Amino acid sequence: MPEGPELHLASCYINTVCAGLIFSGKVEKSEVSKNPEVLFESDAYVISATSRGKEIKLTLTPLKEEKNTLPGRGRDREELSQNGLQQPMDLVFRFGMSGSFKFTSAAELPKHAHLRFYTKESPHRALCFVDCRRFGRWEVHGTWQPDRGPCVMLEYEKFRENVLRNLSDKAFNKPICEALLNQKFFNGIGNYLRAEILYRLKIPPFENARTVLEALQHRKQSPDLTLSKKVKLKQENPDLLELCHAVPMEVIHMGGMGYGPEHSDDAAAFEEWLQCYCVPGMRSLRDGNGRTIWFQVTKPVPKRSSKGSSSQEKVAKRSGRKKGKELIQGAENAKAHEARKPNTRSRRKASASQASPTNKAPAADRKRQASARRSTGAVTAAPRSRRVKAE
DNA sequence: CGTCCACGTCTAC
DNA sequence: TAGACCTGGACGG
């Protein structure tokens with residue numbers, strides 16, 4: 001589920017399904033979760049949510065004045081005021097790779113529901129934090145993580161300033177595709193958004209981030225134009241930082257749940273919305289952190305039939321982390337009429353992965369294989385299997 | 001069956 | 001800058 005839009009959509013979902021609902025009792029954690037217990041108990045409380053970048057905050061608010069029946073016993077003293085009243089509580093969540101919220105019948109909790117809030121009504125229902133891979137985290141009495149920057153969706157002006165005022169930061173020494181995942185500056189951008197954003201401007205992903213962003217510092221004004229024409233021009237030619245806001249906003253306004261696991265109409269609409277990420281015909285490489293960056297190779301300037309690799313390919317090759325190791329470019333182009341199928345395997349095994357330093361280790365060690373693959377800078381652009389568009 | 005891959009952080013050398 | 005942390009779907013044999 002989880003880049004900025006999905007987190008924001010989750011907060012909207014929570015506020016919608018919990019509107020006017022009374023919750024009651026304790027907050028229940030699954031046995032298997034390593035996240036902290038939530039020592040909150042109230043006979044009647046309400047739940048609301050807000051989001052910021054890739055975090056979401058739930059606020060549990062007890063109704064009226066309410067006596068706790070077991071003052072202080074088995075409870076952390078801090079949870080209760082001196083007269084035994086349950087205080088409001090904020091919980092801040094990060095979703096990892098698979099977190100989401102679901103509101104269901106309490107009788108049939110979803111699989112991997114690691115935190116549960118029960119309604120007072122009966123039959124009870126439950127708001128659940130569901131997280132199959134358990135990379136998600138929550139913090140009791142949480143606050144927005146201090147190292148994360150302003151939200152690209154809800155705090156656009158602050159976000160933009162934070163980037164442009166800090167271009168000397170070493171975070172911008174990196175390729176733009178890697179800088180875009182730095183949550184200190186791009187809180188809310190994730191792997192599919194960086195691909196979609198760079199694709200809109202056809203910015204080669206391994207261009208230096210500072211070089212790309214310095215060009216935005218002094219926006220060219222055309223004094224001869226009317227204000228409305230300036231506005232129109234700006235809307236039709238958004239720059240990179242504007243797209244860091246506008247592209248996630250498109251996902252929010254699509255109405256569904258964004259990049260969700262469900263095979264629903266929403267998921268199909270999201271898939272249709274993607275222009276680059278996992279799209280047949282696009283290419284992909286591993287970035288310096290081993291994450292897959294999807295991009296389109298733009299045509300080299302058709303100057304006097306230069307036969308070398310495109311400038312993008314050169315950039316990509318330079319990005320390889322192990323000097324001397326050659327990167328493999330699997331450059332198979334999918335036919336234009338083929339539809340994407342995001343959840344199918346996209347890579348074929350890169351032959352470079354065979355060239356691990358000590359290939360004699362007989363046991364199949366997944367971790368070492370994985371890192372060997374990464375360090376060769378193995379590249380992928382295998383076609384995704386075909387899925388015929390429903391018409 | 002085994003392997004590879006996934007929307008993201010974290011933290012330990 | 002490697003792993004570690006996890007589950008499960010899609011493929012290949």
Side-chain angles (χ1 to χ4, degrees), chain A residues 1-10 30 32-35 53-56 92-100 110-114 130-139 145 147-148 170 174 178 180-184 186-197 247-248 251 256-263 266-267 270-271 273-274 276-278 284 286-294 319-322 330 340-350 353-354 356-357 363-378 380-387:
Chain A
M1 236 213 158
E3 295 183 22
E6 289 73 26
L7 274 283
H8 182 73
L9 288 165
S30 74
V32 67
S33 172
K34 294 173 181 168
N35 279 303
K54 265 184 254 185
E55 296 185 305
I56 185 166
V92 168
F93 293 78
R94 264 152 271 136
F95 276 8
M97 293 285 264
S98 58
S100 66
K111 209 175 174 188
H112 308 295
H114 296 301
V130 178
D131 182 13
C132 146
R133 296 183 70 181
R134 274 181 272 149
F135 294 170
R137 298 281 153 85
W138 65 77
E139 288 168 18
Q145 211 168 237
D147 287 345
R148 305 182 77 104
K170 64 184 192 319
K174 310 208 165 195
E178 291 175 25
L180 284 172
L181 292 185
N182 186 333
Q183 303 298 299
K184 188 174 172 183
F186 298 92
N187 189 6
I189 303 300
N191 206 20
Y192 80 74
L193 283 170
R194 70 168 176 174
E196 296 298 314
I197 290 163
V247 173
V251 179
M257 287 304 277
Y259 192 170
E262 291 152 65
H263 298 290
D266 292 347
F270 176 79
E271 197 175 298
W273 172 84
L274 290 171
C276 179
Y277 180 78
C278 291
S284 62
R286 296 313 181 99
D287 71 12
N289 299 310
R291 301 264 258 145
T292 303
I293 173 67
W294 289 84
S319 77
R321 294 176 308 149
K322 291 273 167 87
R340 61 183 84 84
K341 190 175 182 188
N343 289 327
T344 54
R345 173 153 53 166
S346 67
R347 300 184 71 242
R348 62 178 165 75
K349 195 173 185 179
S353 68
Q354 305 299 336
S356 66
D365 181 345
R366 282 187 84 178
K367 294 162 200 163
R368 282 181 46 227
Q369 283 186 350
S371 73
R373 228 180 302 117
R374 251 204 299 282
S375 62
T376 59
T380 47
R384 324 207 115 233
S385 45
R386 175 188 313 231
R387 187 185 122 263

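Order of the sequence lines fixes the chain letters, A, B, ..., with proteins taken first and strands second; residue numbering starts at 1 for each chain. Note that this is a predicted model, so its numbers are computed, not measured.
Look at C:dG12: its Watson-Crick or wobble partner, with both distances under 3.5 angstrom, is B:dC1.
Taking every side-chain heavy atom of A:K54 into account, B:dG8 is the closest of B:dC10, C:dT7, B:dG8. Looking at the side chain of A:K111, the nearest of the listed nucleotides B:dC10, B:dC7, C:dG8 is C:dG8. When each of C:dG8, B:dC10, B:dC7 is scored by its nearest atom to the side-chain atoms of A:C132, the top-ranked nucleotide is C:dG8.
Residues A:E3 and A:E6 come closest through the heavy atom pair N-OE1, 2.7 Å. Nearest heavy atom pair, residue A:H114 against residue A:D131, reads NE2-O, 3.2 Å.
A donor-acceptor contact under 3.5 Å is not formed by the side chain of A:R134 with the base of C:dC6.
Residue-nucleotide stacking is present for A:F135 and B:dG8, judged by a side-chain ring centre under 5.5 Å from the six-membered base ring centre and planes under 30° apart. A:Y192 does not qualify as a stacking partner of the B:dC7 base, lacking a centre-to-centre distance under 5.5 Å together with planes within 30°.
At B:dT9, one or more side-chain N or O atoms of A:Q183 fall inside 4.0 Å of OP1 or OP2 (strictly under the cut-off).
Note on ring orientation: taking the six-membered ring where Trp is involved, the planes of A:F93 and A:W138 are tilted (angle from 30° to 60°).
For the pair A:E178 CD and B:dT9 P, the computed distance is 15 Å after rounding to whole Å.
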